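Throughout, protein chains are lettered first and strands after them, A, B, ... in sequence-line order, and every chain is numbered starting at 1. Atom set for the values below is all heavy atoms of this structure, side chains included, hydrogens, waters and symmetry mates excluded. Keep in mind that this is a model prediction, so the values were computed, not measured.
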2 protein chains.
Amino acid sequence: MATPLEKARKDPESMKARILHIARRFFGEYGYHGTTTRMIAKEAGIDISTLHYHWGDKKDLYEAVIVDINKDLGQKLMALEKRIHGLPLDQRMAIAIDAMTDYLFKFPEVSNLVLFHYFSKTRDALDLRVPEFTADIARSMGLTRDRKTTSPRAKIEVLAVMNAIHNFISGEKFFRPIVNLNRKDYISIVKETLKFVLIGSFVEREKKQKSS
Amino acid sequence: MATPLEKARKDPESMKARILHIARRFFGEYGYHGTTTRMIAKEAGIDISTLHYHWGDKKDLYEAVIVDINKDLGQKLMALEKRIHGLPLDQRMAIAIDAMTDYLFKFPEVSNLVLFHYFSKTRDALDLRVPEFTADIARSMGLTRDRKTTSPRAKIEVLAVMNAIHNFISGEKFFRPIVNLNRKDYISIVKETLKFVLIGSFVEREKKQKSS
DNA sequence: TTATTTTTCCATCAAAAGATGGAATCAATG
DNA sequence: CATTGATTCCATCTTTTGATGGAAAAATAA
């Protein structure tokens, strides 16, 4: 039994998918209240009633968008975990940072929406449970001793790492003029900096733990 | 010549200041489009027309809010710089992280608004130039060789540090359930983690630079 | 081709939201 | 007190926004 979202994800040519795709970008840039159904419909070259026909009301569409980007993100993380599994920590982190920044700079609305979802409230009470990746990433980073539970500390560390990445993607419009770089140079300096700031501490700690 | 904002900042008992203060919180929680003038007026126990009487239109009020929090932030950073000046880097950073997190957890709307301003667009074109602290912080962290210019790399590093802090304040509502901690424990684990992640790399690099 | 289903748009609504004029109220000043 | 100026609220307006019913058009099936 295919949900509407699954249908739209499978056939990216369909109007339903088209709307979803545009909605991702708009909700990502302007947030939930900053985006109007008319903006999305206009960009898609359709009437708002067509939008409502496919997705129900605004809230439904927004929820579909959030679920959609979380699916993408989850898939990306799973693929990445496979790729880095077994490597030493510094390489694992370096590869992960490279891959994630590349991916997110290609689909910046993912970072935008994740951060929006973290940081801002909506007047309309929308209850959507998003999948929780922190525990999986913590495991992948080797931050969990126990296989079952993940300590608060480990989760907070994961959030610090993930957010550091998202920030530079979502903040590009604001940060790039500050550093006065073109997109390409911005991306590469962001990668360097993320690796510099994030990797050192974890690798050092692992060293100490192993020697003791 | 006192601007309206200065007047409101000086007399925190005035209706003008009251409105500004409430507006900070609402704009911080719901963003620009997510906040209505009616929400602010209702919270202040006044009519919307009174709000408009004091602050002009919504855009004007929002701009005042942004200027206001940036002034607060600037003052805080200046005071902090005085306090840590001359100390070794690791202490400087540890004190700064402690002080900033304490301050921002007390006024979370500051972090909220800073991040909103970085990450989201507004339909209404508001042109507000916010003061730029990255260069000053970079100097305070000893990231600038030249006294006049600050390298892109140094600025990006500063942004990484500042954002890491803001994220945990603004994200509290979302992150705290994930780690399942009370507020006090959340704050202290955030401080620990920020120090762990952020300080190590900078201190290591400084060591290497000195030895060469 | 004709019938049926799906998709799209037009017209229109109702509610929400930003904004204002002007009367009423309150506070200060002579 | 009376006058002036500042503040506040009520009533009201306009525009924006989310949403829908039903006709038209397009696609699919018979």
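As rounded to whole Å, 7 Å separates atom P of C:dT8 from atom OH of A:Y53. Distance CD1 (B:I46) to C1' (C:dT20): 15 Å, rounded to an integer number of Å. Distance NZ (B:K42) to P (C:dA16): 12 Å, rounded to an integer number of Å. Going from atom CZ of B:R18 over to atom P of D:dT7 covers 16 Å, rounded to whole Å. Between A:I19 atom CD1 and C:dT7 atom C1' the separation is 11 Å, expressed in whole Å.
For an aromatic pair to be called close, the ring centres must be under 6.0 Å apart, and B:F119 with A:F116 fails this.
Listed by first and then second residue, the salt bridge (charged side-chain N to carboxylate O under 4.0 Å, His left out) pairs involving residues 27-56 of chain A are A:R25-A:E43, A:E29-B:K121 (not counting sequence neighbours). Each salt bridge (charged side-chain N to carboxylate O under 4.0 Å, His left out) pair with one or both residues in residues 110-119 of chain B, not counting sequence neighbours, would appear here, but there are none. Residues in residues 101-116 of chain B take part in these salt bridge (charged side-chain N to carboxylate O under 4.0 Å, His left out) pairs, two or more places apart or across chains: B:R24-B:E109, B:D102-B:K191. Residue pairs meeting the ring pair (Phe, Tyr, Trp, His ring centres under 6.0 Å) criterion with at least one member in residues 59-80 of chain A, sequence neighbours excluded, are A:F27-A:Y62, A:Y32-A:Y62.
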query = For every nucleotide of nucleotides 10-27 of chain D, 5' to 3': is a protein heavy atom under 4.0 Å from its base (B), only from its sugar-phosphate (S), or from neither (-)?
reply = B------BBBBB------
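Taking B:R176 as the reference, B:E172 meet the salt bridge (Lys or Arg N to Asp or Glu O under 4.0 Å) condition, with sequence neighbours excluded.
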